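The figures that follow rest on heavy atoms only: side chains count, while hydrogens, waters and symmetry mates do not. Quick caveat, the model's predicted, so the values are computed rather than measured.
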Amino acid sequence: MTRTLRSLVLTLAGAALLTACGGLIGLPEPVDVATAFGFGEGIAVDLTTAAPADVAVAQAGATYEGSIDETFTIASADVPGILRGLVRIDGVSETLSLATSVTVVTAVPSVFPTSFSASDASLTGLTVLRNGATILGPLSFTGFASASMSFTAGAACDGVTSCTYTAAAQVDLLELGISGATANTYAKTIIDGGTFRVQADFALDVEPALPVGATIEAVVVGTGAIIE
């Protein structure tokens with residue numbers, strides 16, 4: 001699926017530009033963008049876990065993980081060329097959550113819990129490519145401590161092969177962030193626009209246990225991205 005990043009509009013005061021004679025200057029204030037790593041409109045992911053060794057282990061919950069491989073397009077930024085040379089970008093970040101609706105599916109009729117929590121999110125091997133060449137990564141990130149989303153079934157799911165759950169609201173589970181020269185180089189690459197590809201492994205802990213062999217069909221959503 002193709003994603004489109006809204007054009008960046010950077011406004012620098014004329015006085016600030018005059019100070020650039022001695023070198024690059026930082027942005028006067030952070031700039032909000034639709035997405036920095038391709039998650040802005042959401043990326044679908046199927047999350048699975050290894051079968052538990054016994055019932056006792058299953059009752060403790062499990063870690064579910066899945067691979068992300070998505071192409072997204074960034075529109076060429078509406079930024080005067082001179083600003084690309086004068087502006088120093090110190091950081092790029094994006095917070096991630098899950099869409100408020102997920103579906104849990106099994107191959108055989110199962111009994112699903114009425115609710116479950118998702119926490120301890122992580123993203124490993126984050127890599128962004130352009131024209132087949134890696135421009136960022138691989139990088140790994142761990143989630144916010146104590147950040148959790150609670151999902152509740154819309155109806156009793158007993159003896160069925162799928163169950164849809166909803167959360168009352170999104171919670172930021174994870175933040176992707178780069179800084180320094182890495183952020184400066186990456187941000188100016190996405191400002192140029194083009195087609196990019198993001199790859200990563202996403203994981204989170206689920207408690208209590210879902211039926212053995214269950215797959216969580218979820219969407220990882222970017223809830224806010226900043227260039228500063």
Side-chain angles (χ1 to χ4, degrees), residues 35-70 91-106 110-127 137-158 160-178 198-226:
T35 185
F37 303 100
F39 291 90
E41 294 182 16
I43 297 178
V45 60
D46 289 341
L47 305 171
T48 60
T49 190
D54 54 48
V55 175
V57 173
Q59 293 302 320
T63 298
Y64 283 74
E65 56 188 353
S67 296
I68 287 170
D69 190 341
E70 183 83 358
V92 180
S93 63
E94 183 165 7
T95 49
L96 304 183
S97 183
L98 294 178
T100 55
S101 178
V102 302
T103 300
V104 180
V105 299
T106 56
S110 304
V111 177
F112 295 81
T114 57
S115 64
F116 68 87
S117 64
S119 61
D120 294 322
S122 67
L123 199 75
T124 57
L126 174 70
T127 304
L139 301 172
S140 296
F141 304 90
T142 56
F144 296 120
S146 302
S148 175
M149 286 182 70
S150 179
F151 292 88
T152 303
C157 297
D158 188 351
V160 294
T161 58
S162 70
C163 189
T164 298
Y165 294 81
T166 58
Q170 285 183 318
V171 174
D172 288 339
L173 301 173
L174 181 71
E175 182 177 52
L176 313 179
I178 53 177
V198 59
Q199 298 175 326
D201 291 318
F202 180 78
L204 48 76
D205 289 349
V206 170
E207 188 175 356
L210 299 176
V212 173
T215 296
I216 303 173
E217 297 177 348
V219 177
V220 182
V221 179
T223 57
I226 296 175

### Pair Glu94, Thr35: side-chain N/O donor-acceptor within cut-off below 3.5 Å
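Side-chain D/A pair, Glu94 to Thr35: present.
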### Message
Within the 3.5 Å criterion, strictly below it, is a donor on Asp172 or Thr223 matched to an acceptor on the partner's side chain?
### Response
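Their side chains do contain a donor-acceptor pair, which is all the 3.5 Å distance test asks for.
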Smallest separation among heavy atoms of [X] and [Y], with atom names:
X      : Y      : value
Thr63  : Ala203 : CG2-CB, 4.2 Å
Asp201 : Ser67  : OD1-OG, 2.9 Å
Thr100 : Gln170 : CG2-CG, 3.7 Å
Thr49  : Ala62  : OG1-CB, 3.7 Å
Thr103 : Ser162 : CG2-CB, 4.3 Å
Ala167 : Met149 : CB-CE, 3.7 Å

Answer yes or no: is there a side-chain heavy-atom contact under 4.5 Å between [X] and [Y]?
X      : Y      : value
Leu204 : Leu98  : yes
Leu126 : Val198 : yes
Glu175 : Phe144 : yes
Val104 : Phe151 : no

### Task
Would you give the length of the straight line joining atom OG of Ser146 to atom CG of Leu173, rounded to the nearest 0.5 angstrom?
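So the OG of Ser146 and the CG of Leu173 are separated by 12.0 Å.
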### Query
Got a second to check how far Leu139's CG is from Thr124's OG1, nearest 0.5 Å?
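Between atom CG of Leu139 and atom OG1 of Thr124 there are 11.0 Å.
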### Task
List for me each residue that meets side-chain contact (heavy atoms from CB on, under 4.5 Å) alongside Ser101, sequence neighbours excluded, and say none if there are none.
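Testing Ser101 for side-chain contact (heavy atoms from CB on, under 4.5 Å), a comparison that skips the adjacent residues, returns Thr164, Thr166.
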### Task
Taking Thr127 for its side chain and Gly125 for its backbone only, find out whether a donor-acceptor pair lies under 3.5 Å.
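Checking the backbone N and O of Gly125 against the side chain of Thr127, a donor-acceptor pair under 3.5 Å is found.
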### Query
Can you check side-chain contact (heavy atoms from CB on, under 4.5 Å) on Phe39 and Leu123, steps first, answer last?
CA-CA 12 Å; Phe39 291 90; Leu123 199 75; 4.2 Å; yes
Would you be so kind as to tabulate the donor-acceptor pairs closer than 3.5 Å made by side chains of residues 110-120, with sequence neighbours excluded?
| from | atom 1 | to | atom 2 | distance (Å) |
| --- | --- | --- | --- | --- |
| Ser110 | OG | Thr106 | OG1 | 3.3 |
| Ser110 | OG | Val108 | O | 2.9 |
| Ser117 | OG | Glu207 | O | 3.2 |

### Message
Quick one, Leu96 with Phe37, criterion side-chain contact (heavy atoms from CB on, under 4.5 Å). Give me CA distance, side-chain angles, the key distance, then yes/no.
### Response
CA-CA 10 Å; Leu96 304 183; Phe37 303 100; over 6 Å; no
### Query
When you look at Val102 and Leu47, which way does the side-chain contact (heavy atoms from CB on, under 4.5 Å) test go after all the steps?
CA-CA 11 Å; Val102 302; Leu47 305 171; over 6 Å; no
